[in-house]
Amino acid sequence: MQIEIKANFKPVESGNFHYGNMESRYGVNTIYFTKDGKPFVPIAGEFHFSRYPHAFWRKELLKMRDCGINVVSTYVFWNFHEEEKGKFQFEGDNNIAGFLALCREISMPCILRIGPWCHGEVLRGGFPKRINKMPRKRSNNEAYLREVEGYFRGLYNEVKPYLDGKTVIGIQLENEYTGSTEHIRTLRRIAEKVGFKTPFFTMTLWPSNRPDDEFLPMAGGYPDAPWARGKKQLAPDNRFAITPGRSETDIGEDLLKTKKAKRGAFGNVPYASCETGPGNQVSQHRRPWISEKDGYGVGFAKFASGVNWLGYYMFHGGRNPSDRPMQETRKTGYPNNYPIVDYDFQAPLSRYGECRAHGDRLRLMHTFIQSFDPQIAEKQPFFPKWNSDDPRDISFLKCSVRMDEQMSGYFFAGNYERGLARPDYEQVCVTVQSGGKTLCLPEITVKADAMFFYPFNLTVAGTKLDYVLAQPIAKTENDGKQTLFFVECPGISPRFSADGRVTELSVDAPYVFKGKDGEAEILVLSEARAKQFHLINGKPVFAVGTVYSDKTTVYCETTQGFLGEQAVSEQKLDDYFTLSPCARRSLPFNSYLYSAGKRYFYRLQINSKVFSQAGDVQLEFDFTGLNLQVFCGEQLLNDYFNTDGIFVMRLGEYKDVLTKNPELVIRAVPATRFGVGHVYSEIPMPPGKVELRLRRAAGVQTICAEI
């Protein structure tokens with residue numbers, strides 16, 4: 001397969017942007033962002049402080065940082081903080097000032113998405129009830145704007161100390177707005193009148209796909225669309241395609257009544273995203289299961305396509321307050337039914353802070369951006385001509401290069417699309433033309449479902465390598481000697497070429513390269529070993545588990561795994577739990593199970609001594625059925641819309657409640673053949689059948705080491 005890419009570089013210009021209203025260390029041009037005058041790629045991960053126990057905020061932010069997140073984004077839901085006019089709630093899990101204080105402490109800048117309308121699968125999109133009843137809301141209606149100003153003032157009083165250009169570096173106004181941008185401009189004027197200052201005011205690029213010089217336009221894209229109508233597998237839609245198009249064609253189509261917009265390139269503004277989806281929240285009627293490739297693939301494709309601000313929604317899952325239903329439902333006039341409590345989102349970090357496989361994969365890409373090539377933002381993307389826009393057309397490989405004018409850069413190949421069987425592409429030969437020069441890349445085979453990139457014209461120890469057929473991860477230096485870490489590309493034998501001479505590389509065995517300026521070590525890791533790789537304080541650390549670090553100490557949270565030379569075996573706690581069917585109980589929220597089928601009840605008896613054995617306990621259940629809810633007494637603690645047949649729950653968050661009443665009641669319902677209980681699912685869900693079995697109870701252990 002012959003692939004030709006023509007590279008015509010765009011000039012880097014200052015642009016006529018007015019994204020911010022203060023001087024700060026952050027800058028922007030028409031191609032990329034800067035920090036202290038140097039190229040900078042913000043990697044923003046969404047984490048909702050009000051959807052997580054505040055006692056754990058700091059630890060979870062540190063976990064995100066280990067995954068390569070260098071900016072945290074969060075919604076501020078109006079109805080979480082001012083349901084009743086003038087009565088603001090900023091205590092406990094709503095303590096936004098406390099959250100921002102932690103962000104400042106650990107040097108994690110924050111993007112506040114303050115609405116006033118947010119969506120976020122929240123009741124009334126975040127509007128208080130009185131606002132939702134207003135005519136001409138989300139417009140320049142004076143009565144509505146007065147309410148908005150009152151909300152903004154209450155919020156400003158909490159966040160004012162952190163509007164320093166370092167802690168809060170961005171504010172998104174509105175979300176997925178279908179009207180004139182003039183309304184968002186009005187919201188900005190109100191925010192500025194109140195006192196909000198920030199390096200960046202942002203807005204979602206969809207659905208208008210019309211950038212405005214007063215707002216940094218943010219793109220999005222998800223692996224699936226659980227908000228879509230219908231109960232069949234979605235057709236492929238280039239969701240994982242490497243493409244110059246930035247705008248998403250089906251995001252938010254549950255609420256947006258406008259015609260789908262065509263993808264556009266928008267070459268005169270920097271490429272930024274706020275809702276690149278490494279997961280999806282499941283709705284009642286649609287249950288897509290997000291695999292490792294799904295969770296990794298959209299972010300990979302955006303990066304390969306030239307994104308220079310990579311924003312994930314959600315990067316860390318969470319839960320809604322359980323004292324009252326705060327989730328989107330059809331009962332409240334919105335298109336979808338969601339769980340009352342669970343907002344796991346199948347995110348890279350689960351609602352309990354456990355790093356999933358796609359979190360490991362994304363961490364490697366983020367580490368590359370921050371460690372291997374901090375100048376990647378300056379490298380512009382170029383693409384071959386597509387044979388067609390049909391997502392089912394498998395006659396060509398979707399690929400790109402990101403490179404500089406010296407023709408040094410990276411080749412990206414993306415051969416994955418959810419729901420589409422793709423072939424192996426053999427004898428792939430890529431030529432890149434730029435400025436009268438032609439670059440010929442090595443012939444390779446691109447396996448079905450493979451996603452990878454490799455460098456060309458890479459300088460190592462003063463010598464330029466023609467290419468390295470392995471995906472770069474990180475560069476480290478110890479006693480003046482540099483080590484370059486790579487991970488093997490699927491189906492490709494790792495090797496490099498220098499002056500046309502090819503050298504084979506062994507996997508998981510270092511190779512010492514002698515260049516003009518000394519020696520450097522090249523280490524190609526197997527995929528399994530690479531997923532254990534972390535770069536902490538410039539040092540490589542290998543671990544199995546969820547890793548985070550605080551100053552000079554690194555921690556690994558795991559049920560069974562290792563950190564460096566330290567390992568822990570599974571702490572089995574099954575004997576502390578007894579699960580058995582029980583008689584029917586009168587419990588609240590019955591209608592939110594969304595099934596006309598029979599209710600099944602189970603009692604989980606807990607020996608409270610378990611909490612003296614382990615700081616936290618992870619329970620894993622095999623579940624056949626539609627939905628379940630977990631109660632302690634009449635208090636709803638948890639719920640689960642069945643997605644993968646495995647219900648996971650950690651008990652540490654509920655330790656105080658369960659010490660007083662060490663018994664849980666689980667109410668479950670079956671799927672049905674018709675009606676609301678009939679759903680799209682990617683696992684077998686036999687109508688009328690419910691089974692629940694405790695598969696495993698294990699202690700969550702923490703290993704720590706100095707570094």
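The distance from the CG atom of L349 to the SG atom of C67 is 4.5 Å, given to the nearest 0.5 Å. Taken to the nearest 0.5 Å, the CD1 atom of I169 stands 7.5 Å off from the OG1 atom of T198. Taking OG of S434 as the start and CG of N8 as the end, the distance is 7.0 Å to the nearest 0.5 Å. Rounded to the nearest 0.5 angstrom, I184 CD1 and T204 OG1 are separated by 6.5 Å.
Between D164 and K197 there is no salt bridge, since no side-chain nitrogen of the basic residue lies less than 4.0 Å from a carboxylate oxygen of the acidic one. Look at D360 and R363 and you find a salt bridge, because one of the NZ, NE, NH1 or NH2 atoms lies within 4.0 Å of a carboxylate O, short of that distance. Comment: R422 does not engage E417 in a salt bridge, judged by the lack of any side-chain N to carboxylate O separation of less than 4.0 angstrom. The pair D499-K464 fails the salt-bridge criterion, with no side-chain N (NZ, NE, NH1 or NH2) lying under 4.0 Å from an Asp/Glu carboxylate O. Salt bridge present: E292 and K531 bring a charged side-chain N and a carboxylate O closer than 4.0 Å.
Donor-acceptor pairing under 3.5 Å is lacking for the side chains of D390 and S388. In the model, D294 has a side-chain atom that pairs as donor or acceptor with a side-chain atom of Y416 under 3.5 Å. Side-chain atoms of N29 and S14 include no donor-acceptor pair closer than 3.5 Å. For the residue pair W117 and E174, no side-chain donor N or O sits within less than 3.5 Å of a side-chain acceptor on the partner. Side-chain atoms of S408 and N457 form no donor-acceptor pair, as typed in the model, at a separation below 3.5 Å. Judged purely by distance below 3.5 Å, without hydrogens or angles, the side chains of K398 and N238 pair a donor atom with an acceptor atom. Counted by atom type alone, D36 and Y26 present zero donor-acceptor pairs between their side chains at under 3.5 Å.
With a 4.5 Å cut-off on side-chain heavy atoms, F452 and I492 count as touching. A heavy-atom distance below 4.5 Å is not found between the side chains of S208 and Y177. Taking 4.5 Å as the limit, some side-chain heavy atom of F382 sits within range of a side-chain heavy atom of F9. A heavy-atom distance below 4.5 Å is found between the side chains of K10 and Q380.
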Q: Evaluate the criterion ring-ring contact (aromatic ring centres under 6.0 Å, His included) for residue pair F368 and Y410; output intermediate values, then yes/no.
A: CA-CA 12 Å; F368 160 79; Y410 308 90; 5.1 Å; yes
Q: For the pair E521 and L484, evaluate side-chain contact (heavy atoms from CB on, under 4.5 Å) and give the outcome as yes or no after the intermediate values.
A: CA-CA 6 Å; E521 192 174 77; L484 287 73; over 6 Å; no
Q) Do D344 and R356 pass the salt bridge (Lys or Arg N to Asp or Glu O under 4.0 Å) test, and can you show the C-alpha distance, the side-chain angles, and the key distance before you say yes or no? A) CA-CA 12 Å; D344 176 79; R356 292 184 164 117; 2.9 Å; yes
Q | Chi angles and distances behind the ring-ring contact (aromatic ring centres under 6.0 Å, His included) call for F456, Y454 | A | CA-CA 7 Å; F456 53 84; Y454 68 79; 7.1 Å; no
Q.
I'd like to know whether E46 forms a salt bridge (Lys or Arg N to Asp or Glu O under 4.0 Å) with R113, so could you lay out the CA-CA distance, the side-chain angles of the two residues, the decisive distance to 0.1 Å, and finally the verdict.
A. CA-CA 10 Å; E46 192 91 6; R113 306 175 79 191; 3.3 Å; yes
(Q) Quick one, V72 with M64, criterion side-chain contact (heavy atoms from CB on, under 4.5 Å). Give me CA distance, side-chain angles, the key distance, then yes/no. (A) CA-CA 8 Å; V72 62; M64 292 177 67; 4.1 Å; yes
Q.
Set out, in order, the CA-CA distance, both residues' side-chain angles and the distance that settles ring-ring contact (aromatic ring centres under 6.0 Å, His included) for F496 and F513, then state yes or no.
A. CA-CA 10 Å; F496 71 86; F513 174 75; 5.6 Å; yes
(Q) Working note: H534 + Y548, criterion ring-ring contact (aromatic ring centres under 6.0 Å, His included); need CA distance, chi angles, decisive distance, verdict. (A) CA-CA 9 Å; H534 304 256; Y548 60 100; over 10 Å; no
Q) How far apart are the C-alpha atoms of F486 and I522, what are their side-chain angles, what is the distance that settles it, and do they pass the side-chain contact (heavy atoms from CB on, under 4.5 Å) test? A) CA-CA 8 Å; F486 294 79; I522 299 175; 3.9 Å; yes
Q: Could you walk me through whether K379 and D373 pass the salt bridge (Lys or Arg N to Asp or Glu O under 4.0 Å) test, one step at a time?
A: CA-CA 10 Å; K379 294 180 171 65; D373 190 353; 3.0 Å; yes
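Of all heavy-atom pairs spanning A461 and A520, the tightest one is CB-CB, 4.3 Å. Nearest heavy-atom pair, Y222 versus G279, reported as atom, atom and distance to 0.1 Å: CD2-O, 3.6 Å. Scanning both residues, G277 and P223, for their nearest heavy atoms gives O-CD, 3.1 Å. Here the closest heavy-atom approach between residue N268 and residue F17 is recorded as O-CZ, 3.5 Å. Pairing each heavy atom of L205 with each of R246, the nearest pair is CD2-CB, 4.5 Å. When all heavy atoms are compared, the tightest approach of Y19 to P217 is OH-CD, 3.7 Å.
Within a 6.0 Å sphere centred on CD of E477, other residues, nucleotides and ligands contribute more than 12 heavy atoms. Within a 6.0 Å sphere centred on CD of E4, heavy atoms belonging to other residues, nucleotides or ligands number 12 at most.
Looking at Y75, its side chain does come within 3.5 Å of a backbone N or O of C118 through a donor-acceptor pair. Judged by distance alone, the side chain of N280 and the main-chain N or O of V282 form no donor-acceptor pair under 3.5 Å. Judged purely by atom type and a 3.5 angstrom limit, R65 uses its side chain to pair as donor or acceptor with the backbone of I106. For the pair R188 (side chain) and E214 (backbone), a donor-acceptor distance under 3.5 Å is present. One N or O on the side chain of Q346 and one on the backbone of I290 form a donor-acceptor pair closer than 3.5 Å. Using modelled atom types, no side-chain atom of K63 and backbone atom of V547 make a donor-acceptor pair closer than 3.5 Å. Looking only at distances, a side-chain donor or acceptor of N415 sits under 3.5 Å from a matching main-chain atom of P423. In this structure, E443 contributes its side chain and Q427 its backbone to no donor-acceptor pair below 3.5 Å. Side-chain atoms of D424 do not come within 3.5 Å of backbone N or O of E426 as any donor-acceptor pair. One N or O on the side chain of T30 and one on the backbone of E13 form a donor-acceptor pair closer than 3.5 Å.
Geometrically, K475 engages F372 in a cation-pi contact defined by less than 6.0 Å to the ring centre and at most 45° from the axis.
When each of T276, V41, I43, L216 is paired with W309, the side-chain contact (heavy atoms from CB on, under 4.5 Å) condition holds for L216 and for no other.
The aromatic ring centres of F533 and F485 sit less than 6.0 Å apart. Aromatic ring centroids of Y313 and H48 lie under 6.0 Å apart. For an aromatic pair to be called close, the ring centres must be under 6.0 Å apart, and H316 with Y343 fails this. The aromatic ring centres of Y467 and F411 sit 6.0 Å or more apart.
Using a 30° and 60° split on the angle between ring planes, F33 and F200 fall in the perpendicular class, above 60°. Using cut-offs of 30° and 60° on the angle between ring planes, the pair F315 and Y312 is tilted.
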